[in-house]
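Before any comments, here is the structure.
Owing to the predicted nature of the structure, the values given are computational and were not obtained by experimental measurement.
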Amino acid sequence: MNIPKTSFPRVVIVGGGFAGIMLAKNLKNQELQVVLIDKNNYHTFQPLLYQVATGGLEPDSIAFPIRKVIKDIPNFYFRLAEVSEIDTNKRKIITNIGKLKYDYLVIATGSKTNYFGNTKIEKFSMAMKSVPQSLNLRSLILENFEDALLTSNLEERNALMNFVIVGGGPTGVELAGALAEMKKGILPKDYPDLDIRQMQINIVQGGNRLLNTMSEIASEKAEDFLIHLGVNIYKNVHVVDYDGYKVDTNTDLNFEAATVIWAAGVKGATVNGLQNECIIERAERIKVDEFNKVKGYKNVFAIGDVACMSTNQYPKGHPMMAQPAIQQGKHLAYNMIAEITNKPLKPFVYKDKGAMATIGRNKAVVDLKKIRFQGVFAWFVWMFVHLFSLIGFRNRAVVFLNWVYNYIRFDRETRLIIRPFKKKP
């Protein structure tokens, strides 16, 4: 990999998400050689992927070059590579561009979509965990409306304008709200020769309420907002099969839809090489102790979504969201420096800063530690928090200007099919 030899301990970080980036930034100016490895050369702000998928933002406004993040950090290296295996006995990682030895290894590979073993749904539905997947979804949405113009078959046309979102968490709720806003103010202008009123947006939720990780009042208000926008909500329903056209559930409810977006669950993006006892089977998360050390290893750590730190308050691990990842990255940097300098380590304690979700224009729900609110003010709080969580002044400026323009003009300028997408038969 052309990483120079050094007398300093080498820390290898696998993954340039929230956790990996925060760890790297907090190891600045230490007597360490830090190597960050990721399969992409950019960091993605995942909470806004749905806006890329629905034409509200361009992908480069929510992505930031990793090399730009680390350019001022001395003794720091980035390599564009995909890690295939970890050899813990020889203390090295194996990638598609070569092998690299480490003194300390940090697995920060994040999460991926969990289809719970249903390969058919995985083949025909759409995921939204990366920029390429969001661009594919954007192309498919627009292509379906173009195809709807060309068919004289009413059932086929309705299926092309029928959207099923599986999962009523923040991703599903925010995506449904964005699609409903498109139906209300944008698609009728773009497709005047289509009866956009026939477009259906459906959320299928396995539980008994939306946003089940938030307060009940947030769930109820989010449901009210979505119903007001014309979204159909089906609770206590599980999707069991999808063949690219027909959606089957565990009830009498079925859909004919050309687009199914799977937002029903995530699992850890683990790397081969760790002992099986370290991995939680269904969630595929790596068991770590209170210092984020992988259980059974002295010099291997895991942080962020892929890590599962079981505590009394969080027996199944911390929420797979940005805040725990950011806090763990920062905390592990402190503990790494402490370990190298023979100082006592501090156990990680998650500080819950709350949760929020937006449901279209002027509508959001916010749960903070001591206060909960909904509506227009919550929407402005949501925008402020997400805007200042972006990396880079340019990204913040571009996103802000896009939001202002979209709000004033009630428009989404990036309704572009840059690269056509067709589902494999």
Side-chain angles (χ1 to χ4, degrees), residues 1-6 8-25 27 32-44 46 63-67 69-70 73 75-114 127 129-133 266-281 283-288 292-309 320 325 328-329 332-333 336:
M1 292 190 190
N2 286 332
I3 304 292
K5 292 182 178 181
T6 176
F8 293 153
R10 177 183 287 162
V11 179
V12 175
I13 306 169
V14 183
F18 289 111
I21 291 292
M22 185 56 65
L23 171 61
K25 291 172 72 174
L27 289 177
L32 295 167
Q33 184 189 72
V34 182
V35 181
L36 177 60
I37 294 175
D38 197 281
K39 61 183 178 181
N40 299 309
N41 75 334
Y42 55 86
H43 164 79
T44 304
Q46 290 187 337
F64 196 81
I66 291 176
R67 292 188 181 278
V69 176
I70 64 173
I73 305 178
N75 212 20
F76 198 104
Y77 302 88
F78 172 74
R79 291 295 181 265
L80 185 66
E82 193 160 1
V83 178
S84 58
E85 191 176 350
I86 301 166
D87 187 337
T88 55
N89 293 324
K90 296 181 179 179
R91 290 193 178 187
K92 66 181 179 181
I93 59 168
I94 301 164
T95 78
N96 60 327
I97 62 169
K99 302 175 183 179
L100 183 67
K101 288 202 168 188
Y102 63 82
D103 294 297
Y104 298 94
L105 175 66
V106 182
I107 304 169
T109 43
S111 59
K112 58 185 179 181
T113 304
N114 191 352
K129 285 290 290 178
S130 67
V131 168
Q133 287 177 342
V266 292
K267 60 183 178 181
T270 54
V271 181
N272 294 330
L274 296 177
Q275 297 173 359
N276 291 335
E277 305 86 71
C278 299
I279 310 296
I280 298 172
E281 190 174 350
E284 291 191 24
R285 299 177 78 182
I286 301 170
K287 297 177 185 177
V288 298
N292 282 101
K293 282 188 179 181
V294 177
K295 294 191 175 180
Y297 299 93
K298 290 184 178 180
N299 59 340
V300 181
F301 301 81
I303 53 176
D305 287 358
V306 76
C308 181
M309 183 188 296
M320 297 169 79
Q328 285 183 0
L332 180 57
M336 276 193 158

[X] [atom1] to [Y] [atom2] distance, which is reported to the nearest 0.5 Å:
X    : Y    : atom1 : atom2 : answer
I97  : E82  : CD1   : CD    : 11.0 Å
N299 : Y104 : CG    : OH    : 7.5 Å
I13  : I303 : CD1   : CD1   : 7.0 Å
R285 : M320 : CZ    : CE    : 4.5 Å

Under 3.5 Å, side chain of [X] to main-chain N/O of [Y], donor-acceptor pair present?
X    : Y    : value
T44  : S130 : no
H43  : F64  : no
D87  : I93  : no
E85  : N272 : no
D103 : R10  : yes
E277 : K295 : no

Find out whether [X] and [Y] are in side-chain contact, i.e. whether some heavy atom of one side chain is under 4.5 Å from a heavy atom of the other.
X    : Y    : answer
Q33  : I3   : yes
I86  : V300 : no
D38  : I66  : yes
L27  : F76  : no
L100 : R79  : no
F301 : V288 : no
M309 : N292 : yes
N2   : Y77  : no

Subject >> Closest approach of I21 to G16 (non-hydrogen atoms, all atoms of both residues) >> reply: CG1-O, 3.4 Å

**OP:** Quick one: list whatever passes side-chain contact (heavy atoms from CB on, under 4.5 Å) with T270, sequence neighbours left out.
**Re:** I279, E284, I286, V306

